[in-house]
Amino acid sequence: MNVSPGDDKGPWNGGAACGGCVRVKAKTPDGWKRVTVRITDRCPDANCGVDLGGAPAADIMGNRVGRYYGEWEFVSCEGVEGVWGDSTSLWVKEGASSFWSIVQVRNPKDMVNSITIYEANAGKSYELEMVVGTENFWTVPPEVLQTENRYRVVVKYRTGMDDEWIVKGSELAVGEANLYLHEHRE
């Protein structure tokens, strides 16, 4: 996941890969096996590639945990059984307030490339900055959090597809709020 051990400059990209999916092909004692998995967190050491856990890992490794030779590529999560669901949401980090908040897209279609917040009726927009190394969390500006104004939150994915939420700014200031896409559309 790195160019040099621990540099965050490879496909991990400082945490941007988190939430995306990869198709993994690994050589096991039983031959080559394939599985598609969602990236949920950072690999525990500076030298590993894709860190597998849960049911998809068991599809490849069975009960033989360890390191396997293989290859992988980014793919869309949409429609992948066991990986994709219909509950895409904006999750607000615990500790959020009207002065500080970061959000994460949960169960995204693919790896998130950018998040932009557009103020309804005012024409003002805010390009959110990813908090590097935090597994795909994005900083929300305080001026958005401190208002009841309506905003369009547009998430752009690696594949070029978008999702769009309609929310009040103050909703992004509520720690552990889970703003489901299907509940925040027009």
Check: E143 main-chain N/O paired with Q146 side-chain donor or acceptor under 3.5 Å: no

[Y] and [X], any side-chain heavy atoms less than 4.5 Å apart:
X	Y	value
V105	N136	no
V153	I115	yes
T36	V24	no
Y151	V144	yes
N107	W84	yes
C21	R38	yes
I117	V140	yes
V103	W91	no

To the nearest 0.5 angstrom, please state how far the [atom1] atom of [X] sits from the [atom2] atom of [Y].
X	Y	atom1	atom2	answer
E171	H184	CD	NE2	4.0 Å
W32	E71	CH2	CD	6.0 Å
D163	L181	CG	CG	4.5 Å
I60	R34	CD1	CZ	10.0 Å
W138	L172	CH2	CG	14.5 Å
Q104	F137	CD	CZ	4.0 Å

Do you reckon F74 sits in the same ILVMFWY cluster as V35, going by side-chain contacts under 4.5 Å, direct or chained? yes

Applying side-chain hydrogen bond (donor to acceptor under 3.5 Å, both in side chains) as the test, list every pair that has at least one member in residues 121-131; sequence neighbours left out.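 For residues 121-131, and leaving out neighbouring residues, the side-chain hydrogen bond (donor to acceptor under 3.5 Å, both in side chains) pairs sorted by first residue read T116-E127.
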
Heavy-atom closest pair, residues [X] and [Y]:
X	Y	result
C77	P108	CB-O, 3.7 Å
M111	A17	SD-CA, 3.3 Å
T88	Y157	CG2-OH, 4.0 Å
L179	V167	CD1-CG1, 4.1 Å
W100	E94	CZ3-O, 4.0 Å
R158	V75	NH2-C, 3.3 Å

A quick test of your reading: do over 12 heavy atoms of other residues, nucleotides or ligands sit less than 6.0 Å from NZ of K33?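 More than 12 heavy atoms, drawn from other residues, nucleotides or ligands, come within 6.0 Å of this atom.
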
Does a sphere of radius 6.0 Å around CZ in R150 hold more than 12 heavy atoms from other residues, nucleotides or ligands, not counting ones at 6.0 Å or beyond? no

List the steps, then state whether side-chain contact (heavy atoms from CB on, under 4.5 Å) holds for S76 with M161. CA-CA 10 Å; S76 173; M161 295 185 281; 4.3 Å; yes

Chi angles and distances behind the side-chain contact (heavy atoms from CB on, under 4.5 Å) call for R152, I166: CA-CA 5 Å; R152 289 185 313 114; I166 304 297; 3.3 Å; yes

Walk me through whether V154 and Y118 qualify under side-chain contact (heavy atoms from CB on, under 4.5 Å). CA-CA 8 Å; V154 178; Y118 298 91; 3.7 Å; yes

In the hydrophobic clustering (ILVMFWY, side-chain contacts below 4.5 Å, transitive), which residues join V174, or is it alone?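 Cluster partners of V174: none, it stands alone.
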
Is it the case that S89 and N178 place a side-chain donor and acceptor less than 3.5 Å from each other?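 Per modelled atom types, S89 and N178 side chains form a pair under 3.5 Å.
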
Cation-pi check for W72 against K25: NZ or CZ below 6.0 Å from the six-membered ring centre and within 45 degrees of the axis, yes or no? no

